[in-house]
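Start at 1 with the first residue, then count along the sequence.
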Amino acid sequence: LLLLVLFVYVGAACGSSLPPEQRAAEIVAKMTLEEKLSMLQGQRAPKGTRVSGYIGYVPGVPRLGVPPLLMNDGPEGFRVKDPADVGTSTQWPSGLSVAHSFDPELFFEWGKAMGVEFSGKGANIQFGPGVNIARIPNGGRSFEYLSGEDPFLGYTLVQPVVTGVQSENIIANVKHYMDNNQEGYNGAGDRHFTSAEVDERTQMEIYFPPFEGAVKAGALSMMCANNLVNGVYACESNTTENGYLRAAHGFKGWICSDYDGTRSTINAANNGLDIAMPGPPTRPDFFGADLAAAVKNGSVSEEVITEKLQRIVYSLAVSGNLDFNNTNESSRDVTSDAHRDLARKLAASSVTMLTNKMNTLPLSKKITNLPIVGMAGDGKDAIFGGGGSGSVVPKKGITVRAGIQNVLGDNCCPFYDGNDDLSAAMQAAKNAPAAIVVLAQTSHEGADRTNLTLPQTEIVEKIASVQKNTIVVTISPGPFLTPFASSVAAILDMGFPGEQEGNALADILFGDVNPSGKMPHTMPNMWNEMNMSHAQYPGVPAGSNVKNPCTQKPNPVPGPCVPTKAYYSEKLLVGYRWYDSHQVTPAFPFGHGLSYTTFQYDNIAITSGNNPNVTFTVKNTGKVAGSEVTQMYLGFPSSAGEPPQQLKGFQKVSLDAGESVDVTFTITDRSISIWNTDNHMWSTVNGEFNVFIGSSSRDIRLKSSFTVTSSQ
């Protein structure tokens with residue numbers, strides 16, 4: 001019987017030359033209604049079977065060669081379900097950390113490597129990448145999201161990672177669609193019962209583009225968020241799911257819910273949700289018996305059900321999963337030397353050097369005494385990544401101290417946690433040629449950070465008071481405060497670098513890798529520097545007299561609920577757009593990051609006509625090879641009502657000492673367009689555009705302009 005089932009499973013699907021849409025339609029046409037419904041909701045996998053080792057499970061239809069959907073976290077690598085399997089997958093840097101690289105080629109390598117590991121563990125769906133915009137600097141989940149605070153950055157970087165993941169027979173599940181921009185502040189504004197109140201133009205210009213980029217890359221699935229959007233839960237929003245995503249942008253894949261995202265049966269089914277996760281017994285039976293009843297009484301048509309199945313089977317056809325019988329186990333160890341090397345490369349490429357006074361870095365490899373101070377510098381308190389579904393526990397995390405010891409030797413680096421031994425740490429620092437202070441803070445889904453001060457920040461000034469060559473290394477989930485910046489010799493931000501933290505840091509510290517990371521977010525001078533009101537964040541609660549408030553879990557009272565409302569009244573002024581508009585100088589600007597060499601920009605030229613090219617020359621004027629992320633910002637005509645400047649192009653170039661290269665950016669129609677709320681589409685703007693070319697949003701090296709007329 002087992003051999004017969006296997007034959008049917010493989011034989012029914014293999015070898016088809018039909019287009020994926022037609023193939024999916026023909027397979028779904030052979031399904032019974034019961035079979036269709038069985039694939040629209042997560043189920044508890046049979047215990048003791050191969051399919052029980054995944055975070056999410058949806059049964060397939062074996063008689064038609066349709067495999068089960070085996071879903072797993074997360075955006076930074078395969079998060080094992082069984083504690084016995086800890087250490088069998090690579091802990092990569094977080095999405096936000098890799099975004100520091102501004103490097104699409106690295107994103108493809110990262111995506112492909114994650115796809116290899118997910119496939120090696122038998123899954124066919126990766127819950128990732130995460131792409132939401134960092135609206136607030138303290139977002140608890142921002143470390144997962146590769147967009148930072150800029151929609152163009154997210155639009156660009158999501159494409160290669162999706163392509164990489166899906167090149168390995170894995171369906172990328174892009175999340176969290178949409179406006180999952182806060183987790184909750186001390187319990188207020190929790191994502192499960194808060195509505196993002198966003199006007200249409202802001203939605204499409206700021207928050208939608210990363211998802212649009214995913215669609216352009218051919219993403220085969222998305223995950224709708226737990227929060228509400230303009231009063232409607234994201235997983236039952238016809239506007240965002242069937243409207244923006246499918247009708248306006250041609251998304252062909254399926255949508256599943258985040259694990260508390262499904263809040264109804266009929267509305268969710270009719271308005272775009274395809275798969276309710278995770279299903280009973282931990283969540284209501286919305287897309288099980290309830291959906292079957294809704295189809296029977298006509299509240300949901302079988303045509304709607306059929307369309308959902310066609311999207312699901314289409315994704316399996318395109319990804320090769322109708323022809324690929326993956327029998328790998330989730331317990332399989334998929335780590336490798338090649339992936340450890342790549343994790344190290346990614347982490348080192350993402351290190352951002354915020355300051356480097358008097359060229360303190362790189363350090364000499366001849367140093368024999370380099371104290372390391374700070375709890376996170378070694379041992380059990382080391383932090384490599386964040387928590388929640390974005391977490392991965394590595395086989396062996398390389399601490400800061402261990403990485404430096406790999407270069408200088410085991411006896412190089414006395415370690416002090418900076419608490420009871422602070423006096424000893426100060427004495428050791430005083431007697432050494434330099435000292436490293438490690439500051440780190442973790443973060444996780446479910447709660448935003450309640451401040452931007454990294455733990456143990458207060459010890460930096462004490463070490464710096466006795467050691468002028470104090471180097472601060474930060475392990476950070478996002479923006480943080482740097483009151484010590486003027487007192488220390490150098491600051492290196494690593495984000496969440498993953499398992500190769502110490503080795504990647506050593507590569508930078510001793511000059512084997514020249515830092516080239518850039519900040520994908522603005523570094524503020526203080527908490528709430530943007531002066532957000534309580535109504536903006538965390539939001540205005542429903543009130544104690546409301547009979548049916550929205551709750552964390554699906555509400556037992558039928559009908560619409562009343563949410564907390566977070567008003568996005570800042571509109572387009574997110575991140576550096578706010579700083580530029582209000583002429584506030586940040587601690588460190590968006591796009592900032594130093595190198596061990598210097599770069600000169602010259603010879604800007606703009607061609608005439610439609611879609612002009614902006615060309616300029618970049619030269620490495622230093623003594624060592626290095627990489628520079630060149631950035632193009634556009635300033636729109638004042639009539640457009642846009643922020644002063646916006647990122648519209650970036651390119652990373654690697655140059656030997658004395659070498660130069662010409663860089664060209666093309667001005668596309670989309671680059672010069674705004675969202676028109678009258679006709680609900682992109683419209684080009686006429687008038688004079690300013691072009692700013694530079695090394696960061698506040699380090700502009702070249703300026704020019706061009707004019708767009710209606711005749712063009």
State, without any angle test, whether Asn226 and Asp260 hold a side-chain donor-acceptor pair at a distance under 3.5 Å. no

Establish, from distance only, whether the side-chain atoms of Asn238 and Asn242 form a donor-acceptor pair under 3.5 Å. yes

Polar side chain donor-acceptor pair, Asn227 to Gln182, under 3.5 angstrom: no

For Asn169 and Asn321, does a side-chain donor sit closer than 3.5 Å to a side-chain acceptor? no

Does anything in residues 288-299 pair up under side chain to side chain donor-acceptor pair (under 3.5 Å), and if so which pairs, sequence neighbours excluded? Asn297-Ser299

Do Asp150 and Tyr576 pair up side chain to side chain, a donor and an acceptor below 3.5 Å, judged on atom types alone? yes

Give a yes-or-no answer on whether the side chains of Glu236 and Ser264 include a donor-acceptor pair shorter than 3.5 Å. yes

Should the SG of Cys256 and the SG of Cys224 be checked, would they turn out to be under 2.5 Å apart? no

Is a side-chain donor-acceptor pair under 3.5 Å present for Ser221 with Asn173? yes

Under 3.5 Å side-chain donor-acceptor pair for Gln645 and Ser697: no

Should the pair Glu205-Arg577 be classified as a salt bridge under the 4.0 Å nitrogen-to-oxygen rule? no

Charged N-O contact under 4.0 Å between Glu642 and Arg201: yes

With ring-ring contact (aromatic ring centres under 6.0 Å, His included) as the rule and sequence neighbours excluded, what pairs involving residues 194-241 come up? Tyr177-Phe211, Tyr207-Tyr568, Phe208-His249

Applying disulfide bond (SG atoms under 2.5 Å apart), which residue pairs with at least one partner in residues 121-185 are found, sequence neighbours left out? none

